[in-house]
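Side chains included, hydrogens not; waters and symmetry mates left out as well; all remaining heavy atoms used. In this text, all values refer to a predicted model and were calculated from it rather than measured experimentally.
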Amino acid sequence: MTGADPLPPLRTRLRSLRPAAFGADPDGARMERIRRSPNFADGVFQNPVGARTRPSGSTLEFAKVYFRKEERARRAPVGTVPVHATTYADLAEPPATGLRLTWMGHSSVLAEIDGRRVLFDPVWGERCSPFAFAGPKRLHPVPLPLAALGPVDAVVISHDHYDHLDLPTVKALAGTDTVFAVPLGVGAHLERWGVSADRLRELDWNETTKIAGIGLTATPARHFCGRGLRNQQHTLWASWAVAGPEHRIYHSGDTGYFPGFEDIGAEHGPFDATMIQIGAYSEYWPDIHMTPAEGMRAHLDLQGGEPLGAMLPIHWATFNLAPHPWAEPGEGTLAAAQDAGARVALPRPGEPFEPTAHSLPSEPWWRAVAPQPLEYRPAGAARITDLSADPGRAPADAAAEADHAEVAPTA
């Protein structure tokens with residue numbers, strides 16, 4: 001550069017200083033496509049039903065609850081979480097029924113469906129945070145190293161929050177041949193981290209792509225997005241319906257309850273298995289995460305109101321992201337399944353199971369390491385049908401994101 005050369009624009013210079021974990025903002029042709037989306041209005045992506053994306057109530061009151069010593073003690077296991085010991089050997093044999101799910105913890109699930117392998121929301125990092133020294137830390141190890149997982153045909157990402165889109169995991173997968181299916185705008189992050197554009201399938205809601213003969217459809221969800229200090233709401237969030245020649249499965253990502261589950265089920269179901277978010281809920285953010293009671297209601301809606309298929313509860317037990325007790329999502333899901341007469345799978349992290357087999361893992365394994373007393377407070381049961389009021393669609397900023405614990409302090 002000579003003395004006469006102009007400096008790059010300030011925005012470009014600031015972007016070059018941004019930590020890699022923050023990802024990248026969509027621009028160029030990607031941003032033009034976002035602006036054409038029917039789900040993008042007033043400069044941001046919109047939810048299918050109005051949702052408060054900032055924590056409601058008093059921040060001070062929330063902080064008191066979140067950091068109270070006795071409450072913190074209940075939000076973590078009191079012993080070693082029993083991770084399944086033989087995951088690698090179990091996965092070496094093909095599923096007898098053609099469909100097998102292996103919950104790796106939180107929302108990470110390996111689905112083996114009709115001879116193909118789909119990996120949902122893989123997070124192998126130690127913290128779901130942009131920083132190696134702060135943020136929610138794992139409460140149990142991953143069941144097996146990422147490299148031991150073997151070839152994966154497709155990696156599916158639900159949205160760009162740190163507990164679903166993990167920089168070290170994506171960088172490791174970038175060196176493989178796998179194809180990434182992501183919601184609109186999320187591809188900008190992946191390209192910055194080394195995933196080539198020809199291995200990206202970036203979808204708006206209700207768009208479908210075929211990967212290795214498997215259909216993957218981005219379906220609506222009620223949530224929000226953002227990784228950086230300035231959350232522009234320019235990346236979409238999604239749930240996913242996956243259809244093979246013989247089987248169909250559904251992954252909720254993160255979502256609040258909304259009537260659209262019925263439409264998703266009617267269009268893409270019934271499902272042999274659903275993977276439903278039932279953890280990290282709170283009265284402080286009732287519109288963007290489901291309680292176990294709401295998760296079971298969503299499962300039933302997806303199945304046409306009938307207790308069909310198997311439900312796998314996800315988004316719990318691995319990271320401390322909300323004020324509720326650590327074991328409460330497990331207890332709540334068990335209670336909701338019993339009330340509905342639904343089949344629910346309760347595997348330990350890393351324990352493969354076949355949803356269409358006669359028996360499912362059913363032992364409440366968390367009780368051996370759960371803080372006492374065990375309880376479930378069905379706080380969301382009364383609100384799941386109250387969607388008449390529009391609580392607003394204000395985009396969340398990084399402070400709000402931290403407040404509702406997507407990047408909450410480590411307990």
Side-chain angles (χ1 to χ4, degrees), residues 83-124 142-158 164 169-170 172-173 176-182 199 201 208-219 239-253 268-276 299 302 308-315 318 343-362:
V83 174
H84 186 66
T86 60
T87 305
Y88 181 81
D90 292 341
L91 294 179
E93 295 292 329
T97 62
L99 177 64
R100 181 167 60 198
L101 302 181
T102 306
W103 178 51
M104 300 295 177
H106 202 57
S107 294
S108 302
V109 182
L110 174 67
E112 298 167 275
I113 175 171
D114 300 336
R116 299 292 182 257
R117 307 177 94 223
V118 180
L119 184 59
F120 292 94
D121 284 357
V123 175
W124 258 250
V142 289
L144 78 170
L146 188 62
L149 202 59
V152 173
D153 295 289
V155 171
V156 176
I157 304 296
S158 64
H164 298 260
T169 305
V170 170
L173 291 167
T176 69
D177 294 328
T178 191
V179 178
F180 290 78
V182 302
R199 288 168 50 211
R201 307 291 184 268
T208 301
T209 188
K210 281 270 186 139
I211 299 175
I214 300 294
L216 301 103
T217 303
T219 46
S239 58
W240 289 86
V242 179
E246 302 294 334
H247 295 94
R248 293 171 179 260
I249 57 177
Y250 172 85
H251 188 284
S252 72
H268 303 286
F271 299 101
D272 296 286
T274 67
M275 297 157 271
I276 304 290
H299 169 75
L302 289 160
L308 304 173
M311 173 183 160
L312 169 64
I314 60 171
H315 203 265
T318 305
R343 299 178 74 231
V344 63
L346 303 172
R348 294 169 173 81
E351 181 180 1
F353 71 96
E354 301 192 29
T356 59
H358 176 69
S359 62
L360 299 174
S362 58

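Taking every heavy atom of both residues into account, H164 and S158 meet most closely at ND1-OG, 3.5 Å. Nearest heavy-atom pair, T169 versus P122, reported as atom, atom and distance to 0.1 Å: CG2-O, 3.5 Å. Among all heavy-atom pairs drawn from P313 and V344, the shortest one is CD-CG2, 3.9 Å. Considering all non-hydrogen atoms of both residues, T178 and V152 come closest at OG1-O, 3.0 Å. Among all heavy-atom pairs drawn from S239 and T219, the shortest one is OG-OG1, 2.6 Å. In terms of heavy-atom proximity, W240 sits nearest to V182 at CZ2-C, 3.8 Å.
A 4.5 Å side-chain heavy-atom check between P352 and L91 finds at least one atom pair inside the cut-off. No side-chain heavy atom of V123 sits under 4.5 Å from any side-chain heavy atom of M104. Side-chain contact between R199 and F180 is present, with heavy atoms from C-beta onward closer than 4.5 Å. Looking at I314 and F120, their side chains never come closer than 4.5 Å, going by heavy atoms from C-beta outward.
Summarising the geometry, atom CG belonging to L302 is positioned 5.0 Å from atom OH belonging to Y250; distances are rounded to the nearest 0.5 Å. Note that the CG atom of L101 and the CE atom of M275 stand 5.5 Å from one another [nearest 0.5 Å]. In this structure, CD1 in I113 is found 11.5 Å from CG in D153, a value given to the nearest 0.5 Å. L216 CG to I249 CD1: the interatomic distance, rounded to the nearest 0.5 Å, is 8.5 Å. Rounding to the nearest 0.5 Å gives a distance of 13.0 Å between CG of D90 and CZ of F353. Here OG1 of T274 is found 8.0 Å from CG of L312. Values are rounded to the nearest 0.5 Å.
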| L149 vs L146, side-chain contact (heavy atoms from CB on, under 4.5 Å): CA-CA, chis, key distance, verdict | CA-CA 5 Å; L149 202 59; L146 188 62; 4.2 Å; yes
| field | Test side-chain contact (heavy atoms from CB on, under 4.5 Å) applied to H251 and V156, step by step | value | CA-CA 10 Å; H251 188 284; V156 176; over 6 Å; no
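Residue pairs satisfying the salt bridge (charged side-chain N to carboxylate O under 4.0 Å, His left out) criterion with at least one member in residues 244-253, sequence neighbours excluded, are absent. Sorted by first and then second residue, the salt bridge (charged side-chain N to carboxylate O under 4.0 Å, His left out) pairs involving residues 96-106 (not counting sequence neighbours) are R100-E112.
Residues satisfying the side chain to side chain contact (heavy atoms under 4.5 Å, CB included) test with P145, not counting sequence neighbours, are A148. With sequence neighbours left out, the side chain to side chain contact (heavy atoms under 4.5 Å, CB included) criterion links A357 to E354. Scored by the side chain to side chain contact (heavy atoms under 4.5 Å, CB included) test, R343 finds A310, L360 as partners (sequence neighbours excluded). V142 pairs by the side chain to side chain contact (heavy atoms under 4.5 Å, CB included) definition with W124, R138, not counting sequence neighbours.
Side-chain N or O atoms of H299 include one that pairs as donor or acceptor with a backbone N or O of L308 at under 3.5 Å. Distance alone, capped at 3.5 Å, is enough to place a donor-acceptor pair between the S108 side chain and the D121 backbone. No donor-acceptor pair closer than 3.5 Å links the side chain of R201 to the backbone N or O of T209. Of the possible donor and acceptor atoms, one in the side chain of T87 sits under 3.5 Å from a partner among the backbone N and O of G350.
By the 30° and 60° cut-offs, the orientation of the rings of H106 relative to H315 is tilted.
Across D272, T97, D114, T356, a single residue satisfies side-chain hydrogen bond (donor to acceptor under 3.5 Å, both in side chains) together with H247, and that is D114.
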